[in-house]
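Structure record follows, encoded as structure tokens.
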Protein chains: 2
Amino acid sequence: MNDAVPLRDRAARREVLLDAADRIVRRDGPAASMAAIAAEAGISKPILYRHFGDKSGLYAALAERYTTRLLDDLQAALRSGTTRRDRVERTIGAYLSAIEEEPQVYRFLVHSDEAAPAQSQVRSFTRRLSVLLADGIATEIDAPPARAAAWGHGIVGMVQAAGDWWLETGGATRTELVEELTALLFGAYGTSPS
Amino acid sequence: MNDAVPLRDRAARREVLLDAADRIVRRDGPAASMAAIAAEAGISKPILYRHFGDKSGLYAALAERYTTRLLDDLQAALRSGTTRRDRVERTIGAYLSAIEEEPQVYRFLVHSDEAAPAQSQVRSFTRRLSVLLADGIATEIDAPPARAAAWGHGIVGMVQAAGDWWLETGGATRTELVEELTALLFGAYGTSPS
DNA sequence: ACGTCCTGTTACCGGCGGTAACACTCTGAG
DNA sequence: CTCAGAGTGTTACCGCCGGTAACAGGACGT
């Protein structure tokens, strides 16, 4: 039964499988199952497992695909702009734009491997982004590494939580939310009159 | 076979079941299974389901138990202190203390129902806390509701993300982390020299 | 012609959340 | 005393999940 699929090339096959996984993730969100992905690709489960090892392997490969562009964009935003506040605004804006354009993909990236065994060698998207931001902060201002790390993780968590809330309730426009979060980061809460 | 358990009282029985669930959650974290909880309580699964409906019902009841004291503490911290910065420090400190004292319980509260069907009537701990903080902010400074909501969710996300990172890496003391996060909220990043 | 590798399948495993169906005891009415 | 019924308990099952063993058949070098 070696018909209809003349793909001898492993890499090309892999891309086709990831295409199928992508379609299912966009349809089912983080609840996408291996069986559904295999069916979508027109193959059976063991092939998936031979290519990706296990579910977290497939998820990692798919996340890599989604992530590359986004992380590049964010890194670019981090280095752009004239003032620091401008940089922060652009970076948060880029993040929220990604959420807005592809909510299911965002949910998959951020909320898929919660409560996972955690010994996975695949650092999650959130962690990678946090570390990246921490590095950015450490080089921008000369902060001790502990401070930069705490801030990096904290800021990413802040934007993600606000993004989740925004996705669910959809109360404000993206621009407004960017402005609120930027203001918060620049101490607007601490200095507001009571 | 109605032996060894003279508990005719539904409420008391419920507490006993929650005690068992508590033990298993402390042992297994968010991966605790219904079968394990039933076994720990010395009963069979259907009894659990008759008492709590389904897994999210049990989780909600257990979360309620964990949450009551913590939310009270946090609300008290929000209203305490002399300066606003003092209040923020105390509140973040109370949150991180809870993480430090009972990490498994914290993990259960924050990371158990991720990727859940979401139509659950049980608002998660994170959401409840965010709304509570948003209300606090809205009454403390007169901010428009959208701003207070965005800030509430963002700040809770920030502290949670930093807390998760702290739990995993354990790099700093609680007091240090509280100081870093408070400084961040008061604009230390925005005003640091580059 | 034949063993071997590769690609593909079906069919299974254990564990999960959740439930149907049945067993036993206790109680109250006739 | 007897018998229906309500509770309370159990076992055994369902479907779905992630993951794998075991097998089927074509491609190919010797």
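Worth saying up front: this structure is predicted, and the values here are computed from it rather than measured. In what follows, chains carry the letters A, B, and so on, assigned in the order in which the sequence lines appear, proteins first and then strands, with residues in each chain numbered from 1.
Residue A:R10 places its side chain closer to C:dT7 than to any other of C:dT19, C:dT7, D:dC17. The listed nucleotides are C:dT19, C:dG17, D:dG18; the one nearest the side chain of A:K55 is D:dG18. For B:S33, the side-chain atoms get nearest to C:dG17 when compared with the rest of D:dG19, D:dT11, C:dG17. Counting only heavy atoms from C-beta on, A:K45 has its side chain closest to D:dG19 among D:dT20, D:dG9, D:dG19. Listed candidates were D:dG19, D:dT10, C:dT19. Nearest to the side chain of A:D54 is D:dG19.
Following rounding to the nearest Å, B:I43 (CD1) and D:dT10 (C1') show an atom-to-atom distance of 11 Å. Protein atom CG of B:L58 is 15 Å distant from nucleotide atom P of C:dC16, rounded to whole Å. The OH atom of B:Y59 sits 11 Å away from the C1' atom of C:dC16 (whole-angstrom rounding). Between B:L17 atom CG and D:dG9 atom P the separation is 9 Å, expressed in whole Å. Atom CZ of B:R50 is separated from atom P of C:dA20 by 11 Å (rounded to the nearest Å). Between the CZ atom of B:F52 and the P atom of C:dG17 there is a distance of 15 Å, given to the nearest Å. Counting to the nearest Å, the P atom of D:dT11 and the OH atom of B:Y49 are 16 Å from each other. The distance from atom CD1 of A:I47 to atom P of C:dT10 is 10 Å, rounded to the nearest whole Å.
For an aromatic pair to be called close, the ring centres must be under 6.0 Å apart, and B:Y59 with B:F108 satisfies this.
Expressed to the nearest 0.5 Å, how far CG of A:L184 lies from CD1 of B:I155 amounts to 5.0 Å. Note: A:R174 CZ to A:Y95 OH = 14.5 Å, rounded to the nearest 0.5 Å.
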Legend entry - From CA spacing to verdict: side chain to side chain donor-acceptor pair (under 3.5 Å), A:H111, A:D164: CA-CA 10 Å; A:H111 295 293; A:D164 286 344; 2.9 Å; yes
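At the heavy-atom level, A:S44 lies under 4.0 Å from base atoms of the strands shown.
A salt bridge links B:D22 with B:R26; the closest basic N to acidic carboxylate O contact falls under 4.0 Å.
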